Amino acid sequence: MKDTKRALRPRVVCFGGGNALPQVVLKELKKYPLEIVSITSMVDDGGSAGALRKEFDVLPAGDIRRHLLALADLPKEEKWKEKLWNFRFAKDIEISPGHFGHNFGNVFLAGLEVNLGFEKALEISHRFLNVKGRCLPATTDKAILFAQLENDKVIEGESEIDLGQNHNRTLKIKKVFLKPEAVAFGKTLREIERADIIIIGPGDFYSSLVPCFLPKGIKEAIGKSKAKKVFICPAMTKLGETQNFSVRNFSDEMEKYIGKDLDFVVYNNNLPKDRIERYKKKKGKEFVLDPPKIDKNLKKDKFIGRNLLLDKGPIEYNPNRVVRLILELCRQ
């Protein structure tokens, strides 16, 4: 018998971390009649989440906390929960370089995990925020992210890869990996198997996106999946991770880590030079470089370039434009 409910409500599985995926994709997707599952890597070791991880030996909650909030579907009288979830206290205490205070959501998840275990903490958090969909970890194993640079030096920690306080960020990354090796969370594998659409990104490439695919079992599950796979190419390259990358570089590297060809690579082809220069100046040379180079002879049925940016302000994606394009492509 045909699964009518699933046919009416496609299952969309989204991979990523940080702020980009929740803000660009998850908050917009929940407006549509979809079954939404978000997956994040759980390798953060900086800021509030990293401090709680070190002190209590809990999983870092920073990224999954953002996913939960992005998919929150609260009635008007409970909107206070969103403000509480983002509330930051102990702001005069520097948790790690450049990070001050603790986020309530991080502490809430950490406290629940210490007393009830991670899965129960996640279940309670879903109920507290009335989450539309499911937010899952790539793994519940406690692993650290490492990167091998082009000179074969190995650097340790997601925050070091991201911010590069103690290594030469002009060196390219050869590969990233986890130590100890981690095994994928069982429920996450089942959701990948059931997916109709897989969305990857946007987000920082090696510190946010790729770590989602490193736990054992995820690459294999994606390889077997019949879901359409869509990669949202970052709007800008980043020093220390993807300097000088082209759209094709991003695509080829992502396919290496997921173990299968992408069906679509979505990228921005609107390049407002004045806004780019203002944005780069504001962000600083230590973070922002340039938009990915647009390669010649990209296959037009796979590489989809559109004007996907906000009409003004920072060089960031317009959620409505991005999500509408993805859903349009996946209906084909």
Side-chain angles (χ1 to χ4, degrees), residues 13-19 21-22 26 30 35-75 77-90 93 95-96 99 101-145 158-159 178 180-192 194 208 211-212 214-218:
V13 174
C14 306
F15 285 91
N19 288 306
L21 176 75
L26 299 182
K30 73 180 179 183
E35 297 292 333
I36 305 168
V37 178
S38 71
I39 298 169
T40 191
S41 64
M42 311 303 291
V43 295
D44 190 4
D45 64 350
S48 169
L52 292 167
R53 177 182 186 176
K54 292 182 181 75
E55 184 173 357
F56 298 104
D57 192 32
V58 293
L59 287 162
D63 285 340
I64 207 161
R65 167 182 62 81
R66 295 183 182 95
H67 287 215
L68 289 161
L69 183 62
L71 291 176
D73 190 23
L74 294 164
E77 63 271 18
E78 292 186 14
K79 289 291 184 181
W80 59 268
K81 291 182 179 180
E82 294 182 355
K83 292 182 179 179
L84 178 62
W85 198 252
N86 268 336
F87 180 74
R88 186 170 290 274
F89 54 93
I93 299 174
I95 303 295
S96 64
H99 295 277
H102 276 298
N103 177 281
F104 172 83
N106 289 342
V107 174
F108 184 82
L109 280 157
L112 286 171
E113 182 180 347
V114 168
N115 287 281
L116 300 171
F118 179 77
E119 288 193 56
K120 191 65 177 178
L122 200 54
E123 177 189 325
I124 291 169
S125 299
H126 276 76
R127 291 204 305 267
F128 180 74
L129 290 170
N130 192 36
V131 172
K132 181 182 179 182
R134 300 181 77 190
C135 303
L136 296 173
T139 182
T140 54
D141 292 344
K142 289 160 185 166
I144 296 172
L145 183 66
E158 182 270 343
S159 58
L178 299 178
E181 289 186 354
V183 176
F185 186 49
K187 292 179 181 178
T188 295
L189 293 179
R190 288 193 287 276
E191 293 297 349
I192 294 170
R194 299 170 65 197
S208 180
C212 295
L214 298 179
K216 187 176 181 181
I218 289 188

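Values below: every heavy atom of this structure, side chains too, minus hydrogens, waters and symmetry copies. Since the structure is predicted, the reported quantities are computational estimates derived from the model, not experimental observations. We count residues from 1, following the sequence as given.
A donor-acceptor pair is defined here as one N or O able to donate and one able to accept, closer than 3.5 Å; such a pair exists between the side chain of Ser208 and the backbone of Gly17. Without hydrogens or angle criteria, Glu191 side chain to Val37 main chain gives no donor-acceptor distance under 3.5 Å. For the pair Lys132 (side chain) and Lys30 (backbone), a donor-acceptor distance under 3.5 Å is present. In this structure, the side chain of Asp73 does not engage the main chain of Val131 through any donor-acceptor pair within 3.5 Å. No donor-acceptor distance shorter than 3.5 angstrom exists from the side chain of His126 to the backbone of Arg134, with no hydrogens or angles considered.
In this view, Lys81 and Glu78 satisfy the side chain to side chain donor-acceptor pair (under 3.5 Å) rule, not counting sequence neighbours. Residues that satisfy the side chain to side chain donor-acceptor pair (under 3.5 Å) test with Glu82, not counting sequence neighbours, are absent from this structure. The side chain to side chain contact (heavy atoms under 4.5 Å, CB included) search around Thr139 returns Asp141, Ala182, Pro215, not counting sequence neighbours. Residues passing the side chain to side chain donor-acceptor pair (under 3.5 Å) test with Ser38, sequence neighbours excluded: His67. Residues satisfying the side chain to side chain contact (heavy atoms under 4.5 Å, CB included) criterion with Ile124, sequence neighbours excluded, are Phe108, Leu112, Leu116, Lys120, Arg127.
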Practice prompt. Start with the C-alpha gap between Leu178 and Leu145, add the side-chain angles, then the distance that decides, and say whether side chain to side chain contact (heavy atoms under 4.5 Å, CB included) holds.
Written response: CA-CA 5 Å; Leu178 299 178; Leu145 183 66; 4.0 Å; yes
Worksheet item: What do the steps show when you test Lys187 against Glu119 for salt bridge (Lys or Arg N to Asp or Glu O under 4.0 Å), and what is the final call?
Response: CA-CA 11 Å; Lys187 292 179 181 178; Glu119 288 193 56; 3.2 Å; yes
Practice prompt. Apply the test side chain to side chain contact (heavy atoms under 4.5 Å, CB included) to residues Phe128 and Leu84: give CA-CA distance (whole Å), side-chain angles for both, the deciding distance (0.1 Å), then the verdict.
Written response: CA-CA 11 Å; Phe128 180 74; Leu84 178 62; 4.2 Å; yes
Worksheet item: Where do Leu109 and Ser125 land on the side chain to side chain contact (heavy atoms under 4.5 Å, CB included) test, with the steps shown first?
Response: CA-CA 7 Å; Leu109 280 157; Ser125 299; 3.1 Å; yes
Worksheet item: So Phe15 and Ile192, side chain to side chain contact (heavy atoms under 4.5 Å, CB included) or not? Walk me through it.
Response: CA-CA 10 Å; Phe15 285 91; Ile192 294 170; 3.7 Å; yes
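From Asp63, atom CG reaches atom SG of Cys212 across 8.0 Å, with rounding to the nearest 0.5 Å. In this structure, OG1 on Thr188 lies 5.0 Å from CD1 on Ile39, to the nearest 0.5 angstrom. Distance CG/Leu69 to CH2/Trp85: 8.5 Å, rounded to 0.5 Å. Between Asn130 atom CG and Leu71 atom CG the span is 11.0 Å, to the nearest 0.5 Å.
When all heavy atoms of Leu122 and Pro137 are compared, the pair lying nearest together is CD2-CD, 4.0 Å. Closest heavy-atom contact between Pro180 and Ala143: O-CB, 3.5 Å.
Considering only heavy atoms from C-beta on, Ile64 comes within 4.5 Å of Met42 through its side chain. Put simply, the side chain of Ile144 does not reach to within 4.5 Å of the side chain of Val43, judged on heavy atoms.
Between the side chains of Ser48 and Asn103, no donor-acceptor pair is found at a separation under 3.5 Å.
The list of salt bridge (Lys or Arg N to Asp or Glu O under 4.0 Å) pairs with a residue in residues 36-58, not counting sequence neighbours, reads Asp57-Lys142.
Within 6.0 Å of NZ in Lys216 there are 12 or fewer heavy atoms belonging to other residues, nucleotides or ligands.
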